[in-house]
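Heads up: the structure comes next, in C-alpha cells.
If you read the sequence from its start, that first residue is 1, and numbering goes on from there. Note that the structure is predicted; figures quoted are calculated from it, not measured.
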Amino acid sequence: MTTAPAPDSLTSVFVRLKLSLLRNGLRQSAARTAVYVTSIVVTALFGALLLLGFVLLRGYADAASLAILLTGVMALAWTVMPLFVPSGDETLDPSRLVMLPLHPRPLVRALLVASLVGTGPAFTLLVGLGAALALARGTGGVVVAVLAVPLVVLVCVALSRAVAAANVRLLTSRKGRDLAVLSGLVIALGIQAVNFGAQRLSRAGGLSSLEPATAVVSWLPPASAVAAVDSASQGDYAVAAVQLLLTAVALGALLYWWQRSLVRLMTEPDGSTIGAAPDTAGGGRESTGRLARLLPGGRTGPVMERSLRYIWRDPKTKMGWITSLAMGAIVPMFNALQGAGSVYWACFASGMLGMLMYNQFGQDTSAFWMVAQTISTPADAYAELRARALTLLVITMPFTVLVTVGTAAVSGAWSSLPDALGVAFALLGTMLGVGALASALFPYSIPQDSAYKNVAPGQGGLAWISIIGGMFAAALLCAPVIGAAIYLNVTDETSLLWLLLPLGTLYGALFLWAGLKLAAPRTARRLPEILAAVSKG
C-alpha cells in the first residue's frame with residue numbers, strides 16, 4: 001500500500017512562486033535578463049563596498065555611531081521606500097490572496113520567508129553583517145552579533161510588509177490614493193533633511209558630533225540590535241540583552257500587526273463592494289471644450305489633454321509630479337537659505353522634472369493599446385511623443401524659471417541668473433530627449449491593482465537601469481554647456497555668461513528634437529514589444 005506524498009508547506013510554495021515569477025519575467029527578453037543581472041551586480045558591488053568599509057572601520061572609536069545610525073536610516077528606508085519606488089512582487093500583494101483559504105499565521109510566515117528572496121534583503125544582510133564585523137569584539141560580542149544580524153534583516157523586511165499591508169485599503173481607494181500623493185512631500189523633506197545633516201556633519205568636523213543622535217537611535221529597533229553588539233563587546237551584557245530583546249519584541253509586534261492587517265483585509269468589506277450612487281444631478285458630465293480651445297490642433301491637442309488629465313487624475317502620476325516639483329523646489333531653496341549653494345542648484349529642478357519623460361507609455365498601462373492603434377508610422381510616433389514632451393514643457397519650463405529666480409533671490413546672486421537658467425534649460429531639454437528614447441527602448445508596466453507597486457514583477461531592474469542610465473546619458477550630453485559655464489566662471493569671463501541663456505535654450509531644444517526623432521522610428525518598430533511590456537501589470 002502506497003501512501004500519498006505529503007503536501008508541500010505553504011512557505012515552500014510561496015518561495016517557489018516568487019522564484020517562478022522572477023524566472024518567467026526574465027524569460028521575456030534577453031535585454032530584460034541583462035538589465036536584471038546588471039542591477040544585481042551593481043547592488044552586490046555597492047553592498048560589498050559597504051561591507052569592506054565597515055571592516056576597515058573596525059577598531060575606530062566612531063565606528064559604532066556610523067554603524068548604528070546607518071542601520072536606523074536603512075530601516076527607515078525599508079519603511080517608506082517600497083511604497084513609492086519601483087518594486088514588484090506578486091507573492092507579497094495581500095489583495096491577491098483574499099479568496100484563498102489560508103490561515104493568517106502560516107500566511108505571514110510564508111510571506112516573510114518569500115520576502116527574504118531578493119536583492120533588497122541581500123543588501124540589508126551585507127550592511128548588517130558589516131556593522132556587526134565592525135563592532136564585534138570578544139566572545140560575547142560575536143555571540144550577540146550572530147543573533148543581531150538576522151534580527152536586523154527580519155525586522156526591516158517585516159516592517160516594510162506590515163506598513164504596506166496596513167495601507168493597502170487606503171492606497172487602493174481613489175480618495176486614499178489622492179491623499180497618498182502627499183507622501184512625495186514627506187520623502188522630499190526627508191531626503192533634504194539627510195542632506196542638511198550631512199552638511200552639518202562636515203562642518204562639525206567628525207563623527208563625534210553624532211553621539212547624541214546615536215544615544216537615541218541605539219534604543220530603537222532594529223538599530224538596537226547593532227548597538228547590542230557594541231555593548232556586549234564592551235562588557236555591558238545587561239545593556240546588550242535589553243537592546244537585543246527590544247529588537248526581538250519589535251519583530252514580534254510587527255508580525256502581529258501584519259497578521260491583524262491581513263485578517264482585516266481578507267474578512268472586512270471595502271468600498272469596492274458598495275455600488276456607486278447614481279448621478280441624478282446631471283453634474284457628472286465634464287466639459288472639455290475650454291481646455292481643448294487652449295491646446296494646439298491636430299493630434300497634438302488631444303494627446304496633451306490626455307496627458308494633463310493623467311497628471312490631475314491618476315494617483316501614481318500625480319504622486320510622481322508632486323514629488324518632483326517638491327524636491328525640485330526644496331533642494332535649491334534650502335541650500336540657498338543655508339548659504340551652502342549657488343544659483344546652479346536650480347538645475348536640480350530640471351533633473352527631477354526631466355525624469356518625468358521616462359517611461360511615457362507605461363503610465364497608460366493596458367490602455368496603451370488604444371494609443372497603439374493610432375500609431376502606424378514613425379510620423380505618428382513622432383507626433384505622439386512630441387505632444388507628450390510639450391505637455392511636460394508647459395509645466396516644467398515656467399517652474400524651472402520660478403525656481404531659478406527664487407534661488408537667485410534668496411542667494412543674492414542675480415548676476416548668475418542668465419547662465420544658470422541656460423544650463424537648466426539645456427539639461428531639461430536633454431533629459432526630455434533622452435527620456436523619449438528610453439520610453440521606446442526600456443518600457444515597463446506601472447500596475448494599477450496595487451498601491452505599493454510601481455513596476456511589474458521582473459521589470460524592477462529594467463526600470464532602474466532606464467532611469468539611472470538615462471540620467472547619466474543626459475548629464476554626458478549636457479557636458480558641453482556645463483563645461484562652458486565652468487570655464488567662463490573660472491576664467492572670470494563673466495561678461496560672456498549671459499550667452500549661456502540663449503545657447504543653453506537652443507542646445508536643449510536641439511537635443512529634445514534629436515531625441516524625439518531617434519525615438520519615433522524605434523517606437524513604431526517596437527510597438528508590439530512596448531504594448532506587451534506596459535500591459536504586463
Side-chain angles (χ1 to χ4, degrees), residues 31 35 86 295-296 298-308 310-311 317 320-321 324 350-365 368 371-372 374-397 399-400 424-446 455 459 462-478 481 504-531 533-534:
V35 167
L295 298 175
R299 183 189 182 111
T300 303
V303 173
M304 292 184 66
E305 182 176 356
R306 183 184 69 227
S307 299
L308 289 171
Y310 275 145
I311 296 171
T317 304
W321 271 92
S324 297
S350 300
M352 291 300 303
L353 297 172
M355 290 173 59
L356 297 171
M357 186 64 185
Y358 293 78
N359 195 37
Q360 274 294 301
F361 305 128
Q363 68 179 2
D364 297 352
T365 62
F368 179 68
V371 178
T374 67
I375 299 176
S376 57
T377 65
D380 295 334
Y382 177 79
E384 176 74 23
L385 288 168
R386 182 186 59 186
R388 293 179 184 240
L390 287 175
T391 305
L392 269 69
L393 288 174
V394 167
I395 303 174
T396 57
M397 284 196 70
F399 185 80
T400 301
F425 281 158
L427 180 61
L428 177 61
T430 304
M431 290 201 68
L432 292 181
V434 174
L437 190 59
S439 297
L441 297 178
F442 305 105
Y444 56 89
S445 174
I446 303 177
V455 173
Q459 294 184 335
L462 184 70
W464 282 112
I465 293 297
S466 171
I467 295 173
I468 302 301
M471 290 174 61
F472 277 110
L476 290 175
L477 292 174
C478 199
V481 178
T505 304
L506 290 175
Y507 191 90
L510 174 63
F511 272 93
L512 172 57
W513 173 82
L516 294 175
K517 281 294 185 181
L518 290 173
R522 288 162 176 80
T523 300
R525 185 172 60 252
R526 301 184 71 251
L527 204 58
E529 298 177 30
I530 296 174
L531 182 59
V534 302

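- Using a 4.5 Å cut-off on side-chain heavy atoms (C-beta onward), L512 and T430 make no contact.
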Checklist entry - Taking it one step at a time, do R306 and E384 satisfy salt bridge (Lys or Arg N to Asp or Glu O under 4.0 Å)? => result CA-CA 11 Å; R306 183 184 69 227; E384 176 74 23; 2.4 Å; yes

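- The distance from atom CG of L308 to atom OG1 of T317, rounded to the nearest 0.5 Å, is 11.5 Å.
- Although no hydrogens or angles enter the test, the distance criterion places no donor-acceptor pair under 3.5 Å between the side chain of R522 and the main chain of A438.
- The distance from atom CG of L441 to atom CD of E529, rounded to the nearest 0.5 Å, is 10.0 Å.
- Listed for the N359 side chain is no donor-acceptor partner under 3.5 Å among the backbone atoms of P443.
- Without hydrogens or angle criteria, S439 side chain to M357 main chain gives a donor-acceptor distance under 3.5 Å.
- Nearest heavy atoms, P378 versus A524: N-CB, 3.9 Å.
- In this structure, the side chains of T377 and Y382 stay at 4.5 Å or more apart for every pair of heavy atoms.
- Judged purely by atom type and a 3.5 angstrom limit, S307 uses its side chain to pair as donor or acceptor with the backbone of V303.
- At a threshold of 4.5 Å between non-hydrogen side-chain atoms, the residues D380 and T374 do not count as touching.
- The structure places OG1 of T391 at 12.0 Å from CG of L356, a figure rounded to the nearest 0.5 Å.
- In this structure the side chain of Y310 never reaches within 4.5 angstrom of the side chain of R388, judged on heavy atoms.
- Within the 4.5 Å cutoff, no side-chain heavy atoms of M431 are placed close to those of S350.
- Considering only heavy atoms from C-beta on, I395 comes within 4.5 Å of W321 through its side chain.
- For Q360, the side-chain hydrogen bond (donor to acceptor under 3.5 Å, both in side chains) criterion is met by no residue, not counting sequence neighbours.
- Under the rule for a side-chain hydrogen bond (donor to acceptor under 3.5 Å, both in side chains), T505 has no partner lying at least two apart in sequence or in another chain.
- From L393, atom CG reaches atom CZ of R386 across 12.0 Å, with rounding to the nearest 0.5 Å.
- Residues F425 and M397 have side chains in contact (heavy-atom distance under 4.5 Å, counting atoms from C-beta outward).
- In this structure, Y358 and L437 have side chains that are not in contact, with every pair of non-hydrogen atoms separated by 4.5 Å or more.
- The CG atom of L432 sits 8.5 Å away from the CG atom of L516 when rounded to the nearest 0.5 Å.
- Scanning both residues, A424 and T400, for their nearest heavy atoms gives CB-CG2, 3.7 Å.
- A distance of 4.5 Å separates CD1 of I530 from OG1 of T523, quoted to the nearest 0.5 Å.
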